[in-house]
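Have a look at the structure below before the remarks.
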Amino acid sequence: MSERAHELHVADYAQPPHEVLPEPGESAFAWARAHPGEWQYLVDPRSDRSKRTNANIMGGRRADDNGGFDEVWLNPEFVPTAEWVGKTLSNGFETVMWMAEVGFASVGQFIDAFAQNEFIVVMPADDPNGQRGLPVLRRGDQDPEGFVEVYSSSAVLPRNTNPWLRHPISGRSLINYLEGNPRRWVTLNPYSKGGVYMALMGCDVARWWREWTEVHPDLVAPWLRGT
């Protein structure tokens, strides 16, 4: 999603549906030849077979008359297991973050979860209370606006992070900050071995939030609605 962020809007998905599900192998095509017109449903392979529900179903493919598949369906209620994803999914946002990155969730679902999440910023040792504001990092003259690093939960923080340097920031506050710094990047979970990583420009995050609140005006504070 990071690479295509400038192109995406809240109703969009990072990947087309036919590229989201695992590619069908020979056994799937053999099934399709034997079941034309029927749907083959794919289940999270790491889900507990004794507790499988609709949330375990990733989606399905419909077999055509030629031994292939002509339609793909993605399950909007699918919730992946961390074991299958191979990433830390310790809260709802981390789950939606992964799902948006691979195409199961829309950009709108992503920015809604982003706004509701509480992030963690690791402050510099000489400014543990953030008196200078959020720490801005730069990679030289080619990066004049710099970037801020945030973590989506304590579970994905780098090991041995000093607990006294952890500074919480709400998703809404982070969006407000990026609205005021549209050319600044935000990197999510940059040094985490298990977390989902993403890098986004502030203007894209701010634009998605504006689009989302146009669809859901109830998310805007009453004084901003003129009421």
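Basis for what follows: all heavy atoms, side chains included, without hydrogens, waters or symmetry-related copies. The chain is numbered in sequence order, starting from 1.
Each of Val122 and Met198 belongs to its own hydrophobic cluster when Ile, Leu, Val, Met, Phe, Trp and Tyr are linked at side-chain heavy-atom distances under 4.5 angstrom. Following chains of ILVMFWY side-chain contacts shorter than 4.5 Å, one can reach Trp84 starting from Leu74, so the two form part of one hydrophobic cluster. Put simply, Leu134 and Phe147 are part of two different groups of oily side chains (I, L, V, M, F, W, Y) that touch within less than 4.5 Å, one to the next. Two different hydrophobic clusters hold Phe119 and Val156 under the rule that ILVMFWY side chains link at heavy-atom gaps under 4.5 Å. By the criterion of side-chain heavy atoms lying less than 4.5 angstrom apart, applied directly or through intervening Ile, Leu, Val, Met, Phe, Trp or Tyr residues, Val196 is not grouped with Met201; the two fall into different hydrophobic clusters.
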Show which side-chain atoms of residues 38-46 pair as donor or acceptor with protein atoms under 3.5 Å away, not counting sequence neighbours.
residue: Asp44; atom: OD1; partner: Arg46; partner atom: N; Å: 2.9
residue: Asp44; atom: OD1; partner: Thr81; partner atom: OG1; Å: 3.3
residue: Asp44; atom: OD2; partner: Thr81; partner atom: N; Å: 2.8
residue: Asp44; atom: OD2; partner: Thr81; partner atom: OG1; Å: 2.9

Considering only distance and modelled atom types, tabulate donor-acceptor pairs under 3.5 Å from the side chains of residues 11-26, sequence neighbours left out.
residue: Asp12; atom: OD2; partner: His9; partner atom: N; Å: 2.8
residue: Glu26; atom: OE2; partner: Arg33; partner atom: NH2; Å: 2.9

Anything under 3.5 Å between a donor and an acceptor, one on a side chain of residues 95-113, the other on a protein residue two or more places apart or in another chain? List them.
residue: Thr95; atom: OG1; partner: Asn91; partner atom: O; Å: 3.4
residue: Glu101; atom: OE1; partner: Met1; partner atom: N; Å: 3.1
residue: Glu101; atom: OE2; partner: Met1; partner atom: N; Å: 3.4
residue: Ser106; atom: OG; partner: Gly108; partner atom: N; Å: 3.4
residue: Ser106; atom: OG; partner: Gln109; partner atom: N; Å: 3.1
residue: Ser106; atom: OG; partner: Gln109; partner atom: OE1; Å: 3.4
residue: Gln109; atom: OE1; partner: Ser106; partner atom: N; Å: 2.7
residue: Asp112; atom: OD1; partner: Gln116; partner atom: NE2; Å: 3.2
residue: Asp112; atom: OD1; partner: Trp212; partner atom: NE1; Å: 3.4
residue: Asp112; atom: OD2; partner: Gln116; partner atom: NE2; Å: 3.2

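Between Arg132 and Pro124, the closest heavy-atom pair is NH2-CG, 3.8 Å. Between Leu165 and Ala125, the closest heavy-atom pair is CD2-CA, 4.0 Å. Of all the heavy atoms in Glu94 and Leu89, the pair that sits closest is O-CD2, 3.3 Å. Of all the heavy atoms in Leu200 and Ser2, the pair that sits closest is CD2-CA, 4.2 Å.
Listed by first and then second residue, the salt bridge (charged side-chain N to carboxylate O under 4.0 Å, His left out) pairs involving residues 186-208 are Asp204-Arg207, Arg207-Glu211 (not counting sequence neighbours). Annotation: ring pair (Phe, Tyr, Trp, His ring centres under 6.0 Å) contacts involving residues 159-199, sequence neighbours excluded, are absent.
Between the side chain of Asn117 and the backbone N or O of Phe114 there is no donor-acceptor pair closer than 3.5 Å. In this structure, the side chain of Asn189 does not engage the main chain of Gly195 through any donor-acceptor pair within 3.5 Å. The main-chain N or O of Ser90 is never found under 3.5 Å from a side-chain atom of Thr88 such that the two would form a donor-acceptor pair.
Glu149 pairs in a side-chain contact (heavy atoms from CB on, under 4.5 Å) with only one of the listed residues (Thr187, Val121, Leu188), which is Thr187.
Looking at residues two or more places apart in sequence or on another chain, you find no ring pair (Phe, Tyr, Trp, His ring centres under 6.0 Å) involving Tyr151. Applying the ring pair (Phe, Tyr, Trp, His ring centres under 6.0 Å) criterion to Trp31, with sequence neighbours excluded, gives His35. Evaluation of the side-chain contact (heavy atoms from CB on, under 4.5 Å) rule for Ser27 yields no partner, not counting sequence neighbours. Scanning for side-chain contact (heavy atoms from CB on, under 4.5 Å) contacts around Ser154 gives Ile120, Leu157, Arg166, with sequence neighbours left out. Glu71 is linked by a salt bridge (Lys or Arg N to Asp or Glu O under 4.0 Å) to Arg62, counting only residues two or more places apart in sequence or in another chain. Partners of Thr161 under the side-chain hydrogen bond (donor to acceptor under 3.5 Å, both in side chains) rule, at least two apart in sequence or in another chain, do not exist in this structure.
Taking CZ from Arg61 and CH2 from Trp73, the interatomic distance works out to 13.0 Å, rounded to the nearest 0.5 Å. Rounding to the nearest 0.5 angstrom, the gap separating the SG atom in Cys203 from the CD atom in Glu145 is 10.5 Å. Between Asp70 atom CG and Asp65 atom CG the span is 8.0 Å, to the nearest 0.5 Å. Interatomic distance, OG of Ser152 versus CD of Glu118, reported as 12.0 Å (0.5 Å rounding). With rounding to the nearest 0.5 angstrom, the CZ atom of Arg210 is 6.5 Å from the CD atom of Glu179. Atom NE2 of residue His216 and atom CH2 of residue Trp209 lie 9.5 Å apart, to the nearest 0.5 angstrom.
Val79 belongs to no hydrophobic cluster with other residues, because no ILVMFWY side-chain heavy atom falls under 4.5 Å from its own, directly or through intermediates.
With a 6.0 Å radius and a threshold of 12 heavy atoms from other residues, nucleotides or ligands, Arg4 has its CZ atom above the threshold.
Between Val186 and Val150 the shortest side-chain heavy-atom distance falls below 4.5 Å.
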